[in-house]
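Below, all heavy atoms of this structure are taken into account, side chains as well, without hydrogens, waters or symmetry copies. In what follows, chains are A, B, ... by sequence order, proteins preceding strands, each numbered from 1.
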2 protein chains.
Amino acid sequence: MEMERGGEGGTGTLGKAMAVLETVALSDRPLRFTDVLAVSDQPRGTLHRQLSHLVQEGLLELRPDHAYVPGLRLLKLASASWARNEIRAVAAPFLEALHRQTGETVHFGVLRGREIIYLDKVESRQAVRMNSQIGNASPAFCTGVGKAALSTLDAEALEAALAGMEFRRFTPHTITDRSSFIAELDLIRQSGIAFDREEHEPGIRCVAAPIYDESRSLVAGVSVTGPAYRVSDAQLSQWAPLVGEAARAIMGELSARLGPQR
Amino acid sequence: MEMERGGEGGTGTLGKAMAVLETVALSDRPLRFTDVLAVSDQPRGTLHRQLSHLVQEGLLELRPDHAYVPGLRLLKLASASWARNEIRAVAAPFLEALHRQTGETVHFGVLRGREIIYLDKVESRQAVRMNSQIGNASPAFCTGVGKAALSTLDAEALEAALAGMEFRRFTPHTITDRSSFIAELDLIRQSGIAFDREEHEPGIRCVAAPIYDESRSLVAGVSVTGPAYRVSDAQLSQWAPLVGEAARAIMGELSARLGPQR
DNA sequence: CCAAAATATTCCAATATGTGGAACTCAGTT
DNA sequence: AACTGAGTTCCACATATTGGAATATTTTGG
């Protein structure tokens, strides 16, 4: 009998191909064949064919200098994925309202395993460009949105998320042990509000609230973020009710829009 | 001996999986199993397993009402794809300059087969949001950027692009037959400038110029776009030199930045 | 409330596909 | 010219995919 692998791994061929794709696409620099080989556990011949297939499919691109970079087909797929996301569409107007009320950056992200994936971001007068943050994954345990989301999980789901969670230190304020983290979640659960006081990025503070449905098939969060020099603790606390209200409003709209039609 | 398929098709298993993924992700509404079955040429059992695998990999999501929608993993991959695109990064400052000079929306897209994939867009004071246009694919034959790009292809590559091109009518001004289109390309080749006078979207005009490298491994275009009521033909002609200059500047920078290190 | 119909899911023998160790090629060096 | 290191190709073998048909589930409507 084949042992189930620890978490992700292999939907047969596709799973392996995706693992390779992600290695290359999420790396911060172009990788050459040997670079990929070094981090992959596939044998030479196999890996080479997998990369070739990914290139043929337009998911990767092989530059003349033999470096693999993300292909254009990914963009095409992603824009569809973003544009058609109903949860994002429902939340958008509330995020904008929250931004107008606070004047600071508003984030909206969903929990996926141990990560938060940002679906939307509303920020100041920024020459927006497709913000590279959108679609980005951040660790859940040290972000406001992530902690808010985790606080809504039941014992079993939380255990699954915590299992193997790496409490990596990003800043001096990062919570780096499991028991402190569980205590923090208790606090968040009581107040319905999560704070991130420079736990993920130095100089960045935020206040967040959870968004979820009864079945916990959706676990997400919304936050207001600002630079520490401009945003005091008192300021965060003052925004808390607004953030909580936005979260409740989004939940209400979600259950109204998505609930019935099931 | 297996006959080579007409164009796209099958890198074995991965190719088929991607075809299914694209069917679902690029559809404008959630598809249920039978919907996908109807447009796919795969047998029931096969298709079902392919969809299951895509769901397991997070590329698709299966909602409780049995509808398949694009998954979050696509977003994660895409943001990397966009953020790390060197061509886009090189072009960005020139696009912004062009926007400042004209005050209208600037597009930048690359040719991929018969489509233009938009890599960037700089527009007026728009509450940007991750513009759904980015990553979008439009037909090359009826867009300014697309026609500019096609005009740089040699006979062989152009033939490949034209083969099987559907000259679908989008507006009364769309060029809908091959010979008129080839004549149009000749014109563009001579002037180095392409106009789109409401050929794709009613009420939308643009002027575009091609961007390419010697080897034609990169074929792209840049354009300035505006609403017909505000942008006259004379205005477009007046912008043409600016657009051409921007294109040349981008090409210069590209050859300087990407050329040597090959 | 229970059949009938439509839809979704599972099964499994046949086989097309992917696997991977080893051989080969093609720079760029020493 | 021999050597190193990277990339690419090969092919007997193993296995994941295939797909027709059976089964399960949900929906319809009488």
Does a side-chain N-to-carboxylate-O contact under 4.0 Å join Lys16(B) and Glu22(B)?
no
Nearest to the side chain of Leu62(B), which nucleotide is it out of dG19(D), dT18(D), dT9(C)?
dT9(C)
Candidate nucleotides dG20(C), dT18(D), dT8(D), ranked by approach to the side chain of Thr46(A) - the nearest:
dG20(C)
Round to a whole Å and report the spacing from CD of Gln50(A) to P of dT17(C).
17 Å
Heavy-atom check, side chain of Leu111(A) versus side chain of Leu150(A), under 4.5 Å:
yes
N-O pairing of Glu159(A) and Arg178(A) below 4.0 Å
yes
Check the distance between dC12(C)'s P and Arg44(B)'s CZ and give it to me in whole angstrom.
19 Å
Given dT17(C), dA6(D), dA8(C), the nucleotide with the shortest approach to the side chain of Lys16(B):
dT17(C)
For Thr13(A), answer base if it contacts any base atom (sugar-phosphate contacts may also be present), sugar-phosphate if it contacts only those atoms, and nothing otherwise; contact means non-hydrogen atoms under 4.0 Å.
sugar-phosphate
At 4.0 Å (heavy atoms only), tell me whether Arg32(A) reaches a base, stays on the sugar-phosphate, or touches nothing.
sugar-phosphate
Residue Arg49(B), side-chain atoms from C-beta onward, closest of dT17(D), dG21(C), dT8(D):
dT17(D)
Minimum-distance nucleotide to Phe33(B) side chain [options: dG7(D), dG20(D), dT9(C)]
dT9(C)
What nucleotide among dT9(C), dT8(D), dT17(C) has an atom nearest to a side-chain atom of Tyr68(A)?
dT8(D)
May I ask you to verify if any side-chain N or O of His66(A) is less than 4.0 angstrom from the OP1 or OP2 atom of dT8(D)?
yes
Using the ring of each side chain (for Trp, its six-membered ring), is Tyr118(A) parallel, tilted or perpendicular to His107(A), with breaks at 30° and 60°?
tilted
Decide whether Asp213(B) and Ser217(B) meet the rule of one side-chain donor and one side-chain acceptor closer than 3.5 Å.
yes
Measure from CG on Leu37(A) to P on dG7(D) and round the result to the nearest Å.
9 Å
Expressed in angstrom and rounded to an integer, what is the separation of Gln42(B) atom CD from dT17(D) atom P?
13 Å
How long is the line joining NE2 of His48(A) and P of dG5(D), in whole Å?
19 Å
What is the distance, to the nearest angstrom, from the CG atom on Asp41(A) to the C1' atom on dT19(C)?
13 Å
On DNA chain D, does the nearest nucleotide to His53(B) precede the nearest nucleotide to Gly45(B) from the 5' side, or the other way round? Give the residue.
His53(B)
Starting from P on dG7(D), measure out to CG on Leu31(A) and report it in whole angstrom.
11 Å
Please report, rounded to the nearest Å, how far the P atom of dC11(C) is from the CG atom of Leu47(B).
18 Å
